[in-house]
Each structure stands twice: as C-alpha cells, then as structure tokens.
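Let me begin by presenting the structure, written as structure tokens, before commenting on it.
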Protein chains: 2
Amino acid sequence: MPKAEVADLTSNRLLDALEPASRKRIDPHLRPVSFKLGVTVCEAGGLLRHAYFPQGAVLSLLTVLEDGSAIETANIGREGAFGLFAAMYSRVSFNRCLVQLEGGMVRCPIEVLQTEFRNSEHVRDLFVSYSETLLSQVQQTVACNALHSTEERMCRWLLMMHDRAEGEALPYTHEFLSHMLGTNRKSVTLAALSLQRAGLIRYSRGKIQIVDRRGLERVSCECYAIVKKRFDAFLKPPATAVAGNSRRRGKPLSS
Amino acid sequence: MPKAEVADLTSNRLLDALEPASRKRIDPHLRPVSFKLGVTVCEAGGLLRHAYFPQGAVLSLLTVLEDGSAIETANIGREGAFGLFAAMYSRVSFNRCLVQLEGGMVRCPIEVLQTEFRNSEHVRDLFVSYSETLLSQVQQTVACNALHSTEERMCRWLLMMHDRAEGEALPYTHEFLSHMLGTNRKSVTLAALSLQRAGLIRYSRGKIQIVDRRGLERVSCECYAIVKKRFDAFLKPPATAVAGNSRRRGKPLSS
DNA sequence: TCCGATCTGGTCAAAACTGAACACATTTGT
DNA sequence: ACAAATGTGTTCAGTTTTGACCAGATCGGA
C-alpha cells in the first residue's frame with residue numbers, strides 16, 4: 001500500500017479528480033472540520049447541509065435498527081465523500097455517520113456541489129462512479145457478513161482501517177468492533193485472541209497494533225482485496241474499449 | 001398493498017415518472033423482453049448494453065464470491081430498473097442479475113438513457129433518487145443478515161416477493177431460498193416448517209403459498225416495512241420523502 | 001405406467017455463536 | 001496513591017447453524 005498512499009494528508013482523491021474549473025469554484029467553499037473519534041457527524045434520517053471529504057479521517061456509515069443496534073455498512077476515507085447523494089439529490093441521510101479515525105477533513109455546502117453536479121458532466125461522472133463503487137462495497141458487505149467467519153471479517157476490517165491509519169495503533173475495543181461487525185463481543189475476543197496468538201496483531205485496552213500485515217491478508221476473506229481494488233480503480237474511465245459508444249461526444253438531443 | 005399495486009402489469013413506475021418529453025424520446029427504443037424464471041440477465045462483471053425495466057417481473061441482484069457462492073443483495077420490481085448505474089456512467093455490472101419472478105419487462109439501450117441523463121435534470125433526479133433507495137435497501141440487508149434470525153429474514157423475503165406475485169404461489173425451493181438468504185438449506189427448512197405449522201404459509205415441492213400475510217408481517221423483522229416504505233416514497237420530492245425508521249415489529253415464533 | 005430426478009424432512013455430530021456473569025488488570029482522574 | 005471506570009479473558013450453559021447423508025414423497029418425462 002505505501003506506494004499508492006503516499007499522497008499527503010491534506011488531499012482527497014475525489015476533490016483532486018475534479019476538473020480545474022469546478023475545483024476552482026468549489027475551493028473557496030471548503031472548510032476544514034475536525035471531529036473527535038467516535039463523534040456522530042450525522043444521525044440516520046438527518047438533514048445534511050454539507051458533504052464531507054476526508055483527508056486523513058475515516059467515516060463510517062451505519063444502518064440503525066429500531067432496537068437501537070447499529071451496524072457498519074460502508075466506510076469512507078480520502079478516496080471519497082459522505083453526503084454525495086444528498087448533494088446529487090436528497091439532502092437526507094439514511095445512515096448514521098460517525099468518525100472512525102481522526103484526521104483531516106473538509107466539508108462543502110450541499111448547494112455548491114449541487115450546482116456543479118447540475119452543470120458539469122465531469123462532476124456527474126465522478127459522483128456517480130463513486131456512488132456505484134460505494135454501493136458495491138455495501139453489497140460485498142452483505143455477502144461477507146452472511147458467508148464469512150467472524151475472524152475473516154475482523155481481518156478485513158482491520159486491514160481497511162490499517163490502510164488509513166498510517167501505522168498508528170487502531171483505537172478500538174472489542175466491544176466497539178462487535179458493534180461494527182454485527183456480532184457479539186465474545187466472538188470478537190475469540191477472534192482477537194486467535195489473531196494475537198498467531199502473531200498477527202497485538203492489542204491491549206482499546207489499542208490494536210497490526211504486527212503482520214501480510215499474515216492478516218492471508219487470513220482475511222477476499223472481500224478486503226476486492227473492495228480495495230474497486231476503490232483504487234473507480235476514477236479511471238469505465239470500459240472505454242467498447243466499440244460504438246462514444247459517450248464523450250454529446251450528441252444533440254433527438255434532432 | 002392492494003391499493004398502491006393496482007397499476008396494470010404493463011407499466012413501470014420509474015418509466016411512468018419520466019417527464020413527457022423524455023418519455024417520448026425513450027418510448028420508441030423500448031423493447032419488451034421475456035425471460036424465463038431463473039435466467040441470468042447479466043453476469044457479474046458483464047457489460048451492459050441495456051437497462052431493464054420490470055413491469056410484472058422481478059430481478060435479483062447477487063454478489064458473487066470467488067468460490068462461486070452468491071447471495072442476494074437487492075431486488076428490483078416495477079418500481080425501478082436494472083442497469084441505471086450503467087446508464088449513468090459505468091456500463092459494467094458488478095452484480096449477477098437474475099429473473100426471480102417471470103413477468104413483463106422492457107429494456108432500453110444504455111446510450112438512449114445516457115443521453116437523457118445528460119440532458120435532463122428531471123431524469124437525473126429520478127435515476128439518482130432510485131439509486132439512493134437501492135443503496136439503502138442493500139444497507140438494510142447488511143443489517144438484516146447480520147442481526148436477524150433466519151426465520152425473520154425468510155419472512156421478509158417472502159413478503160417482498162408476495163407483493164409482486166399477484167397472489168400466485170411463489171416458485172422457490174428451500175435450496176434456492178438458502179442461496180438467496182446466504183444460509184443453508186437446513187435452516188430454511190426449519191424456518192419453513194415453523195411458518196407452516198403456524199399456519200402462515202403452505203408449500204410443497206417448490207411452490208410456496210402465502211396463507212396469512214398479516215401473520216407473516218408480524219413475524220418478519222422490521223426490514224421489510226422500512227424498505228417497502230422507501231421504495232413507495234422515492235419518487236416524491238426529497239423534502240417529503242421518508243427518511244428514518246418506523247414502528248416496532250415482530251417477535252419470533254416459538255417452534 | 002414406470003423410471004429417474006427433484007424436493008422435503010429427518011438423523012446425527014460438530015461447530016459457531018450468544019448472553020450473562022464475574023474476576024482481574026490497567027488506566028484515568030482526583 | 002487511591003478509587004472508580006473501563007477493557008479483557010474466562011466460565012458456564014444455552015441456542016442456532018452447519019454439513020453430510022439418507023429415506024420417502026412427488027413430479028415429470030419417456
């Protein structure tokens with residue numbers, strides 16, 4: 001990962017991918033925000049006034065059930081943003097969103113992004129492509145939660161966070177992990193013990209240190225790698241080689 | 001349901017919501033297609049040349065894993081379409097898509113929809129709003145698979161299909177259900193037995209008849225109602241759309 | 001009408017996960 | 001330095017789920 005991740009901690013890949021004209025219009029509206037670990041950025045059902053672009057931070061999207069339990073369905077790092085659907089259309093978040101890793105983050109008023117989305121095909125492509133990739137992350141999570149063991153899922157989760165934590169110890173208790181993974185604490189403790197005994201991680205009282213990343217990747221299910229690959233790739237043009245389709249050329253409408 | 005579902009079987013709510021000018025341009029390109037139950041409309045990773053708009057049919061989106069197992073992450077009836085992300089941007093489907101209920105369906109070439117998406121804000125709003133709702137369905141499924149019992153999930157699934165099957169018996173074997181739900185056949189058989197003994201369903205050899213719909217709703221988890229509500233609402237303007245969680249629901253049957 | 005394929009339900013044994021409770025260790029705040 | 005709060009590992013006793021396998025029922029095609 002080091003290779004691809006050298007970008008400094010004050011950039012967001014989605015913002016950086018904007019065409020210069022859009023970026024120039026958006027830039028003046030960007031404001032750095034800083035949230036503490038665990039803070040709720042937005043409640044489920046809440047109205048959104050800004051979209052959030054993590055630079056070093058990581059956000060987590062949760063689905064909240066009637067009984068108050070909540071489970072992670074996706075997370076967002078500096079490859080993406082929270083609130084794009086709101087910016088594209090809805091203004092309302094179906095999810096609770098919380099800060100899972102502290103770090104740099106900027107926000108941008110919804111209306112500014114709406115205007116760009118309306119006027120720039122390039123921006124639309126970016127937002128839509130990111131949204132599709134986010135959808136695929138959630139879909140992978142459906143499969144993962146149903147078909148993979150707690151241990152595999154935990155590895156996957158640790159790897160995702162490790163990619164973004166710059167070698168820091170991950171600040172999570174077993175209890176917290178159990179909520180994210182939708183399992184119970186006992187299962188997490190067992191998986192954690194097993195990983196620690198295998199020399200892959202070391203932890204104590206809410207700090208998890210990744211010791212053997214390669215090892216973790218081996219124990220993890222495939223879901224980690226698949227999702228990572230998609231997020232690494234989503235900015236590239238889609239299936240360009242297809243014959244006969246020139247989507248770049250705006251054909252006149254029905255004339 | 002009867003109220004909202006009386007629309008005839010040759011309409012698709014998403015198509016019907018298009019503004020007249022768009023609809024007029026799109027209509028000449030629509031072609032009815034008819035697929036048999038269980039047919040794969042598109043493989044995971046496949047290139048899409050059309051979007052599909054079910055009228056009476058139901059499509060299922062599956063995430064396929066390396067070992068060949070596949071699990072349902074969402075389904076699409078006549079409130080929506082398959083291939084909209086392709087139409088908006090990507091042309092490639094991350095999912096396998098298969099026919100889960102036979103019925104009317106029309107398709108439309110991607111390029112036609114792309115043009116509309118590019119030129120009409122109204123069309124963009126429709127497609128984006130639907131996509132967001134689809135995302136929320138998948139997110140609900142993440143929570144459901146992780147936190148609800150096989151019996152609850154099966155009720156939810158049967159209800160979703162029953163809404164669309166016009167009173168027909170549902171043509172599914174336990175084995176098939178087990179794949180959709182990501183559990184094993186035995187668990188499905190147990191849940192099915194329990195539901196049958198409670199007088200909620202009756203089945204034999206791949207035909208499941210819903211006997212007591214209300215009862216099923218009581219036993220189902222909340223996920224059914226939440227997702228249904230969102231799909232019923234997504235065409236309304238965002239200010240009024242339903243965002244959050246609804247009232248309490250179901251206890252498990254004791255068996 | 002019979003054969004073969006399919007579907008369901010049952011057994012059995014094992015594994016995985018759950019839930020509550022509690023002791024101990026470590027950290028934090030005073 | 002001490003008390004309180006927090007995190008982890010364990011126990012025990014449950015339930016749920018899994019996987020393999022087979023018997024009987026039923027259906028459809030030859």
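No hydrogens, no waters, no symmetry mates; every other heavy atom, side chains included, goes into these values. First the proteins, then the strands, lettered A, B, ... as listed; each starts at 1. The structure presented is a predicted model; accordingly, all values stated were derived computationally and were not measured.
Among the nucleotides C:dC17, D:dT8, C:dG9, the one closest to the side chain of B:His174 is C:dG9. The A:Thr189 side chain lies nearest to D:dT10 when the options are C:dG10, D:dT10, D:dT18.
Note that the CD atom of B:Gln209 and the CZ atom of B:Arg202 stand 6.5 Å from one another [nearest 0.5 Å].
Mapping A:Leu190 and B:Lys207 onto DNA chain C by nearest heavy atom places B:Lys207 closer to the 5' end of the strand.
In this structure, B:Leu181 places its CG atom 14 Å from C1' of D:dT17, rounding to the nearest Å. A:Leu177 has its CG atom 13 Å from the C1' atom of D:dG7, to the nearest Å. In this structure, A:Tyr203 atom OH and C:dT26 atom P are separated by 14 Å, rounded to whole Å. For B:Leu147 and D:dT17, the CG to C1' distance is 16 Å, given to the nearest whole Å. Note: CE (B:Met154) to P (D:dT16) measures 16 Å, nearest angstrom. The CD atom of B:Glu175 sits 13 Å away from the P atom of D:dT18 (whole-angstrom rounding). Atom-to-atom, NE2 of A:His148 to C1' of D:dT17 comes out at 16 Å; the value is rounded to the nearest Å. Atom CD in A:Glu151 sits roughly 10 Å away from atom P in C:dA16 (whole-Å rounding).
Contact between A:Ala191 and A:Thr150 at its shortest, heavy atoms only, is CB-CG2, 4.4 Å. Closest approach of A:Gly56 to A:Arg78, counting heavy atoms only: CA-NH1, 4.4 Å.
Using a 4.0 Å heavy-atom distance criterion, B:Leu193 is classed as a sugar-phosphate-only contact.
In this pair, A:Phe234 and A:Phe231 present their aromatic rings perpendicular. The plane angle is above 60°, beyond the 30 to 60° band.
A sub-4.0 Å separation between OP1 or OP2 of D:dT8 and a side-chain N or O of A:Tyr172 is absent. Distances shorter than 4.0 Å separate none of the side-chain N or O atoms of A:Ser149 from OP1 or OP2 on C:dA16.
Remark: A:Arg230 qualifies as a cation-pi partner of B:Phe94 under the 6.0 Å distance and 45° angle criteria applied to the six-membered ring.
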Just by protein heavy atoms under 4.0 Å, how would nucleotides 19-30 of chain D read 5' to 3' in B, S and -? B-B---BBS---

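Look at A:Glu79 and A:Arg164 and you find a salt bridge, because one of the NZ, NE, NH1 or NH2 atoms lies within 4.0 Å of a carboxylate O, short of that distance.
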Please table the atom pairs, donor to acceptor, closer than 3.5 Å between any side-chain atom in residues 31-42 of chain A and protein atoms at least two apart or in another chain.
| unit_1 | atom_1 | unit_2 | atom_2 | d |
| --- | --- | --- | --- | --- |
| A:Arg31 | NH1 | A:Pro28 | O | 3.2 |

